[in-house]
Amino acid sequence: MNTSTQPRPRTRRRRNFTLRQLKLFEAVVRTGSFTRTAEELLLTQPAVSNQIKQLEDQIGAPLFEHIGRKIFPTEIGRELAHFSRDMFSRIDEFENLLDDIKGLHHGTLNVAVVSTAEYFAPYLLARFCAQHPGITVNLDVTNRNSLLKQLAENTPDMAIMGVPPDDADLVAQSFMPNPLVVVAAPRHPLATIRNIPIERVLKERFIIRERGSGTRDAFERFLLQQGERLHQSMEMSSNEAIKHAVMAGLGLGVVSLHTLEMELKLGRIAVVDLAGFPLERHWHLVHRNGKRFSLAAQALKTFILTEASTAPPTLPKPKRSPKSAPPPEHQGKASQSVLFCKKEPKNSF
Ligand code: PGA
């Protein structure tokens, strides 16, 4: 008989699942299919099912549920997917560290950027890779919401976005202006008027980005601050679609100046001279706090922070003379001749 009053230490059975099983499980979650996982990992479909079954036996709970012809991770499956991603990213960090210790200045970096950054990020990477031919950089282009999710899961080495969230777990450094402008087709009546008050443009239809986009978020916050709202709007989920819709005469668009280089050069789009615009924003380089950078990642971070600012986007000089005088309350506000602040403005969108 055990007379001891001391609680016995709880012994936990260690589960014997392997890295290989977790890799395979992660692929099934990512592809949503046993068959596609088998193709990707050059296995047979029964081999994949068998490994997942063994993993489920070890864990003691199902990891997937079948609904119709699709499979979805169960709650435990989602938790395991989160844990696996975290673990594989730590293993990647360790491999990069090993490379550095061995003095190998090469490796693979994963950079995630919001969609608007696709207009400059590849150029930056091309310059970086020309200096570091041994480094491969994978670029994932997504919108702000999905990028925040990736940062929470610690998947990218670093990310580029407009406004970083106020999160103590993230480090954000601003490196280049990201002015937001309102655009119109060159034949649009507002295209040749100077210093237009906001109330006037809001009579027009606006083509704006999808929910979750940083561009849209910044524009909505600007309107809120002005006590205004859009009366007529249409949503499009890419900058290219918005520019084409504007050129086709569907309405006014709101985009970053970075997206317009070609159209402005060719005179296919006009920047509307709207009071209070361009909205002065900045690009930020963001990564997890305490992220262990490989030499390659550190080199890329330094490169972006120092090199990007050497070629910020600029607005074209207004060619036309003003058609109508601005109303007195808007005189002296920002016009196209005012480009970017050197410092981040207090009112950062
Ligand atoms: P977006 O983000 O491409 O998701 O609109 C751009 C930004 O935040 O400036």
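Reckoned from all heavy atoms, side chains included, excluding hydrogens, waters and symmetry mates. Indexing begins at 1, ligand by ligand and atom by atom, following the structure's order.
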Subject >> Trace of the salt bridge (charged side-chain N to carboxylate O under 4.0 Å, His left out) decision for Lys243 with Glu240 >> reply: CA-CA 5 Å; Lys243 287 189 297 180; Glu240 285 302 303; 2.9 Å; yes
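In terms of N/O distances under 3.5 Å, ligand 1 is not approached by Thr142. In terms of polar-atom proximity, defined here as any N/O pair under 3.5 Å, Ser213 does make such a contact with ligand 1. Taking distance alone, with nitrogen or oxygen atoms compared against 3.5 Å, Arg281 approaches ligand 1 more closely than that limit. Considering both main-chain and side-chain atoms, Arg216 never comes within under 3.5 Å of ligand 1 through any nitrogen or oxygen pair. The shortest N or O to N or O distance between Asn178 and ligand 1 is below 3.5 Å.
Aromatic rings from Phe293 and His287 are positioned such that their centres are separated by under 6.0 Å.
Ion pairing between a basic and an acidic side chain is recognised when a charged N comes within 4.0 Å of a carboxylate O; Arg200 and Glu204 show such pairing. Between Arg36 and Glu39 there is no salt bridge, since no side-chain N of the basic residue sits under 4.0 Å from a carboxylate O of the acidic one. The pair Arg85-Glu153 meets the salt-bridge criterion, since a charged nitrogen lies less than 4.0 angstrom from a carboxylate oxygen. Salt bridge Glu261/Lys265: present, at least one basic N to carboxylate O contact under 4.0 Å.
Here is the list of ligand 1 atoms found below 4.0 Å of a heavy atom in Thr116: 1 (P), 3 (O), 5 (O), 6 (C).
Counting heavy atoms under 4.0 Å from ligand 1, residue Met161 does not touch it at all.
At the shortest separation from atom 4 (O) of ligand 1 among protein heavy atoms lies Gly214 N, 3.1 Å.
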